[in-house]
Each structure stands twice: as C-alpha cells, then as structure tokens.
Amino acid sequence: MPEGHTVHRTARKLQRELGSQSLEVSSPQGRFTDAVLLDGQKLVKAEAWGKQMFLHFETGVVRIHLGIYGKWLFQKFEEDPAEPKGAVRLRMRGDRFVADLRGPTACELIEQDGVSAVLQRLGPDPLRNNAGDGERFIQNVQKSRRPIGQLLMDQGVLAGVGNVYRAEILFRNRQSPFTPGSQVRTEVLEVIWDDCVALMPLGVRTGIMLTRDGYLKGRPRLDERYYVYKREGQPCRECGTPVSLALMATRKLYWCQGCQK
DNA sequence: GATTAATGCTAAA
DNA sequence: TTAGCCTTAATCT
C-alpha cells in the first residue's frame, strides 16, 4: 500500500522497533546479496523521503522503494519469529521484533553520496514540509505544460503523492486534472500544497488513506473513504455526476466532470 | 488452477 | 508511448 504516508509510517515503526539495535540482517529469498555485509550492524536511523526509504546502518545505507507491489510484514515474537513466508527479499531481526520485506522495486546497499543523488531528483515532500517547499512545488508545476494530473504524480515535482492522493486532492480543490501546470493559478497551488500538508499526516497516523472531510472517526469502509478514487460510474458525492475514469500516462485517473472544470 | 489488478518507476523506442 | 520488472490477493473458471 505504498504512497508516501505508508513509507513514512513504516520508517517510524522500524525506527521505534529496531532502531539503535544490532540486527540480524538476511535475505531469505537470496536476491539481496549485500545483506550479509550488514549482518550484525546497528540500525542507526530509518527515514523516508516521499516514497523512498533509507535505512542507515553503520557502514552503509539500504535504499528501499516498494514500487507498486512491495510490502512489509512485521512480527513481534518471544523466542523465535515464524519462518519467512513467501519471497522475502530482506529480513531484519531484533530482540523481539522482525521485519520482512517482499517484492520491492529497489532494495540496494548504497553510500551516503548515493542518498544525496536520489534526494536531488526528488521534489518537496509535504510530510517533511521544510521551509520554502510550498514555493518550490509551485515553481515545479508552473514551469511545465504537462497537465496538473500528471505533475502531482511526478516525484520530481512533488514527492510522496501517488494515484489515490492525486485524484482526491484534485477533487478536494475542484481542480481539473487536465489544466496545464503553467496555467494553474498560484493561489490554487498554494491551497493544494497546504491541503497535502494537512491531509497526509492523517494517513501516517492511522495507516489509512482517508480523504473525505467529516469521516475522521473509526475505520471507514473502503467504499466510504474517497470522493472519486475507484468510484467510476458512481454518483459524485457533491453534485451527483457519474465519476469519470480515463488513463493518464498509463495510470487510472478518476475525476468528476461536474465539480472539476 | 489461471487470470487480473494493484496506492510505481525505469529504460528503451 | 511501451515493455518490463517485482509479488500477492482477489477474482475468474
């Protein structure tokens, strides 16, 4: 379930459960051959930037990107954890906690300057919201003629937003996905940035992507969480127009033609 | 048991 | 713009 909020949430969990401990690091599946180089080392820090995660060990950094299928599985255990289930690329075992990683696009050992290289091509991350990030986001959008719907998914423009948040944030701000970035007004982009900053921490806190205002309690059912995502053909919650579906750069784009002009 | 879809991205054309 | 990659869960026969 990988958009930026998931990666941040996982990084925090790994930091909390495995940070500052010497870990047993392995690759049960065998594909991450560098695991042996880290075995027995301390996890110094786990951090996320957009959808990228960096696990800082004593002598190197593991860069992880879940891609579209990647998943973590966590277990607490007393004596020994259960045997890895499925194709586990990376297993990190601490005192009482073990983390298994399956199906990532990237799981590689890099050095510090490799981290910098990755960060250089990433746009601002609303879950970090450093000083000046909003302005950088706006510049990134307005210098492009590609449609805003594509730009929100471009990690060089905005880091951490994926297909669900893309659709939902555009709806929440009544913005058509098809407007070229260069034509979206600065005030609109300011509000969109602020909306990401306000909305995404809820996903980090709860682990659930919830984008509808007024549904913040409990654990809303899947079909109640969104305004437009995966709701093609169903009536828009605001105006009743059937929600539209189209492919935009190979990804499914959901939007309301009535609300998002 | 086979097929499909999934919250992603890269490199090649 | 397209093919390819990695894996699982849900949906089909």
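Values below: all heavy atoms of this structure, side chains included; hydrogens, waters and symmetry mates excluded. A, B, ... follow the sequence lines: proteins, then strands. Residue 1 opens every chain.
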Got a sec: does the CZ of R16(A) have more than 12 other heavy atoms crowding it under 6.0 Å?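 Yes, the 6.0 Å shell around CZ holds more than 12 heavy atoms from other groups.
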
Answer yes or no: does atom CD of E83(A) have more than 12 heavy-atom neighbours from other residues, nucleotides or ligands under 6.0 Å?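 Counting neighbours around CD of E83(A), 12 or fewer heavy atoms of other residues, nucleotides or ligands fall under 6.0 Å, so no.
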
Test item: Q41(A) side-chain N/O and E58(A) main-chain N/O as donor-acceptor pair under 3.5 Å: yes

Using a strict 4.0 Å threshold on nitrogen-to-oxygen distance, state whether [X] and [Y] make a salt bridge.
X       : Y       : value
R146(A) : D154(A) : yes
R172(A) : D213(A) : yes
K76(A)  : E17(A)  : yes

According to the ring pair (Phe, Tyr, Trp, His ring centres under 6.0 Å) rule, which pairs have a member within residues 85-111 of chain A, sequence neighbours left out? F74(A)-F97(A)

Taking [M] as the reference, what is the distance to [N] when you measure between their [atom1] atoms (whole Å, please)?
N      : M       : atom1 : answer
dT8(C) : dT10(B) : P     : 23 Å
dT7(B) : dT1(C)  : C1'   : 23 Å
dA5(B) : dT13(C) : P     : 13 Å

Would you say a side-chain N or O of [X] is under 4.0 Å from OP1 or OP2 of [N]?
X       : N      : result
R251(A) : dT7(B) : yes
K51(A)  : dG8(B) : yes
R166(A) : dT7(B) : no
Y165(A) : dT7(B) : no
H65(A)  : dC9(B) : yes
R9(A)   : dT7(B) : no
K252(A) : dA5(B) : no

Distance in angstrom units between E108(A) CD and dC5(C) P, rounded: 18 Å

Atom pair distance, as rounded to whole Å: CZ in R102(A) and C1' in dA9(C): 11 Å

Just compare dT10(B), dA6(B), dG8(B) and give me whichever is closest to any side-chain atom of Y254(A).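 Between dT10(B), dA6(B), dG8(B), the one nearest the side chain of Y254(A) would be dA6(B).
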
Nucleotide of dG8(B), dC9(B), dT7(C) approaching Q29(A) most closely (side-chain heavy atoms): dT7(C)

With a 4.0 Å cut-off on heavy atoms, is R121(A) in touch with a base, just the backbone sugar-phosphate, or nothing at all?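 Sugar-phosphate only.
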
Here the residues of residues 83-92 of chain A within 4.0 Å heavy-atom distance, strictly under, of DNA chain C are G86(A), A87(A), R89(A)

